[in-house]
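Everything below concerns the one structure shown next.
Remember, predicted model here, so these are calculated numbers, not experimental data. Order of listing sets the numbers, starting from 1, for every ligand and every atom in it.
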Amino acid sequence: MQKKRTITATDGANQQVECDIAIIGAGPGGYVAAIYGARQGKKVVLIEKGEVGGTCLNRGCIPTKALVRTTEIYKALQEASRYGCKADGIEVDFQRAMARKDRVVAGLVKGVHSLLAGNDVELLAGSGMLIDEHTVKVSQKDSEILVKASHIIIAGGSEPAVLPIPGAREDFVIDSTQALELSELPDSLVIIGGGVIGMEFAFIFARLGVKVTLIEYLEEILALIDSDLTQVVVRNLRMAGVKLHTNAKVTSLEKGDNGRALVHFEDAATGEPFTGVAADKVLMAVGRRPALAGLGVEDLGLELNPRGQGIKVDNTMATSMDNIYAIGDVTGGMMLAHLASHQGIVAIDNIVGRSSTMDYRAVPNAIFTDPEIAVVGISEKEAKAQGIEVKVGRFPFAGNGKALTLGMSRGFVKLIAHPETGTILGGAIVGPGATDLIAQITLAVEHRLTAREVARTIHAHPTLPEAIMEAAWDAESGALHLAD
Ligand code: NAI
């Protein structure tokens with residue numbers, strides 16, 4: 001039997017709890033910090049108003065990947081004849097796909113509960129609000145609990161941004177959370193925003209048979225990623241039937257006949273209006289904002305980043321006030337689950353007196369489009385913008401035996417190296433297994449390996465990582481499995 005560690009106040013009563021570290025928010029930032037803090041011998045209280053696992057586990061990374069898997073299976077079955085298999089009458093059962101997604105999430109949530117209990121972390125259900133440097137007030141349904149702590153970590157996450165345009169609150173508008181809760185597929189969907197969330201959902205819904213139109217304000221989708229990578233994905237996006245409008249600004253949403261949405265948009269440069277698009281639903285994916293409301297951050301006087309974009313922290317994750325740290329999306333930086341977890345570890349290290357700082361040179365970013373994109377370190381685009389001279393090594397998956405056997409040979413690996421020392425400064429992959437493969441380049445960037453060292457590492461054959469080895473050869477003296 002597992003020990004139950006959840007604190008609840010007796011109805012109506014106020015209670016006080018004392019601990020070493022109080023953490024607000026049990027997402028991948030907060031719950032990892034809690035486990036790690038407890039393992040350092042600290043008494044940790046973890047405060048959560050929703051479900052443990054936060055956005056990533058309940059409304060983001062995990063449920064979307066469960067649906068991506070459904071689309072992969074569906075696509076593979078549709079293409080079965082290419083592989084010498086017969087599969088007729090293939091259909092998607094959306095309700096079952098959603099139920100599977102929910103089961104995957106529920107299993108992981110249960111796992112996090114077990115981890116917390118197993119590490120003696122006290123889980124406190126309720127909304128946490130900062131009172132002073134050592135106190136968090138936790139509001140539950142009928143009572144309040146005061147948590148007194150030597151240190152506090154704020155890990156309150158983020159929420160979807162809403163465009164300040166007419167019609168943005170109409171009932172046909174959904175955000176990424178609501179998109180994951182649909183009980184049936186809409187016939188048609190307009191996605192506003194061609195960032196990470198917009199692109200992942202565009203593939204999911206288009207592959208499930210929804211007529212998708214994607215409208216992006218900037219010249220290119222996934223604007224931070226090098227265009228040679230995004231081009232590979234755009235081709236597949238169009239082949240999946242998605243109508244893509246770039247350089248296009250959505251200006252208003254209107255309820256048309258039968259309650260359907262009419263999306264008005266214009267040329268982002270000239271302001272010339274385009275013909276509006278009608279759809280059953282509109283998915284707004286125009287970024288996320290730090291979730292500061294109700295935390296008491298401003299009343300306490302914690303310094304924020306310029307334009308109120310998150311809690312200001314230094315590279316030890318300390319805020320402007322003694323004893324208070326902040327990690328993850330609430331700090332307004334790169335909103336990535338794995339980064340939040342790492343920041344949590346750095347914060348705990350500093351709290352327990354082990355000096356530790358964040359190093360952002362090697363933060364991988366994984367995007368689950370088709371094919372996948374993954375990047376780490378400096379990009380070719382950034383190097384050019386910053387006037388940094390780099391050497392680029394490339395290798396196409398078309399020259400990789402494993403990719404050819406998989407029937408997934410579109411895409412390539414790109415390594416960015418220092419022109420003299422050959423030190424790997426960054427890397428990017430578009431193609432099969434990109435989001436898993438990026439770990440190898442991340443290790444190389446983190447530990448300053450050279451292209452020569454990667455090229456001279458024996459890679460198992462036939463495997464996809466050989467493409468990384470060949471890109472390293474290319475940066476060094478030329479890829480071996482590529483004619484000049
Ligand atoms: P985003 O910032 O990546 O993209 C939003 C897009 O909306 C931008 O390209 C922007 O130009 C566009 N946009 C803004 N206003 C517009 C308008 N009026 N008309 C048309 N387009 C407009 O934000 P997104 O995709 O919502 O993601 C939010 C956060 O979540 C990001 O920080 C992202 O890194 C993170 N995330 C990461 C994932 C991953 O790493 N796999 C998955 C999902 C989210």
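- Nearest approach of E48 to V52, heavy atoms of both residues: CG-N, 4.2 Å.
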Show the numbers, then the answer: is there a salt bridge (charged side-chain N to carboxylate O under 4.0 Å, His left out) between E181 and R59? CA-CA 9 Å; E181 289 165 353; R59 304 176 290 281; over 6 Å; no
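- The atoms of ligand 1 that sit less than 4.0 Å from any heavy atom of A248 are 19 (N), 20 (C).
- Protein heavy atom closest to atom 35 (C) of ligand 1, with residue, atom name and distance, is M335 O, 3.4 Å.
- In this structure, of E216, E200, M334, the residue bringing a heavy atom nearest to atom 8 (C) of ligand 1 is E216.
- The protein non-hydrogen atom at the shortest distance from atom 30 (O) of ligand 1 is R288 CD, 3.7 Å.
- Evaluated by nearest non-hydrogen atom to atom 27 (O) of ligand 1, the leading choice among I197, T369, I373 is I197.
- Using a distance-only test at 3.5 Å, with no hydrogens or angles considered, a donor-acceptor pair links the side chain of D226 to the main chain of K381.
- For ligand 1, the atoms lying closer than 4.0 Å to a non-hydrogen atom of I192 are 19 (N), 20 (C).
- Looking from atom 22 (C) of ligand 1 to the surrounding protein, the closest heavy atom is Y217 CB, 3.5 Å.
- Neither the backbone nor the side chain of M199 has any atom closer than 4.0 Å to an atom of ligand 1 (non-hydrogen atoms only).
- Summarising the contacts of atom 26 (O) of ligand 1 with G287, A268, G198, the nearest heavy atom is found in G287.
- Contacts between A366 and ligand 1, counted as non-hydrogen atom pairs separated by less than 4.0 Å, involve the backbone only.
- R207 and E72 are not joined by a salt bridge, as no carboxylate oxygen comes within less than 4.0 angstrom of a charged side-chain nitrogen.
- Near V196, the atoms of ligand 1 lying under 4.0 angstrom from a non-hydrogen atom of the residue are 3 (O), 25 (O), 37 (C), 38 (C), 39 (C), 41 (N), 42 (C), 43 (C).
- Note on residues 232-250: no pairs pass side chain to side chain donor-acceptor pair (under 3.5 Å), not counting sequence neighbours.
- For ligand 1, the atoms lying closer than 4.0 Å to a non-hydrogen atom of N365 are 40 (O).
- Close approach to V250 involves these atoms of ligand 1, each under 4.0 Å from a residue heavy atom: 17 (C), 18 (N), 19 (N).
- Under the 4.5 Å side-chain criterion, counting only non-hydrogen atoms from C-beta, V242 is not in contact with I191.
- Of the options L108, V109, L116, a side-chain contact (heavy atoms from CB on, under 4.5 Å) to V112 is made by L116 and by none of the others.
- Residues T230 and E220 bring no donor and acceptor atom of their side chains to less than 3.5 Å of each other.
- Residue L336 has at least one heavy-atom neighbour below 4.0 Å for each of these atoms of ligand 1: 40 (O).
- Counting protein heavy atoms only, atom 5 (C) of ligand 1 is closest to A285 O, 3.4 Å.
- At most 12 heavy atoms of other shown residues, nucleotides or ligands fall within 6.0 angstrom of atom CD in E219.
- When all heavy atoms of V282 and A261 are compared, the pair lying nearest together is CG2-CB, 3.6 Å.
- Contact annotation: for T64 versus ligand 1, there are no heavy atoms closer than 4.0 Å.
- For atom 4 (O) of ligand 1, the nearest non-hydrogen atom from the set G195, G60, G193, S158 comes from G195.
- Checked options K281, K211, R260; the residue passing with S188 is R260 (criterion: side-chain hydrogen bond (donor to acceptor under 3.5 Å, both in side chains)).
- Listed by number with element, the atoms of ligand 1 under 4.0 angstrom from any heavy atom of L163 are 15 (N), 17 (C), 18 (N).
- Exactly one residue among F205, F203, F201 makes a side-chain contact (heavy atoms from CB on, under 4.5 Å) with V212. That residue is F205.
- Atoms of ligand 1 found under 4.0 Å from any heavy atom of L218, numbered from 1 in the order shown, are 11 (O).
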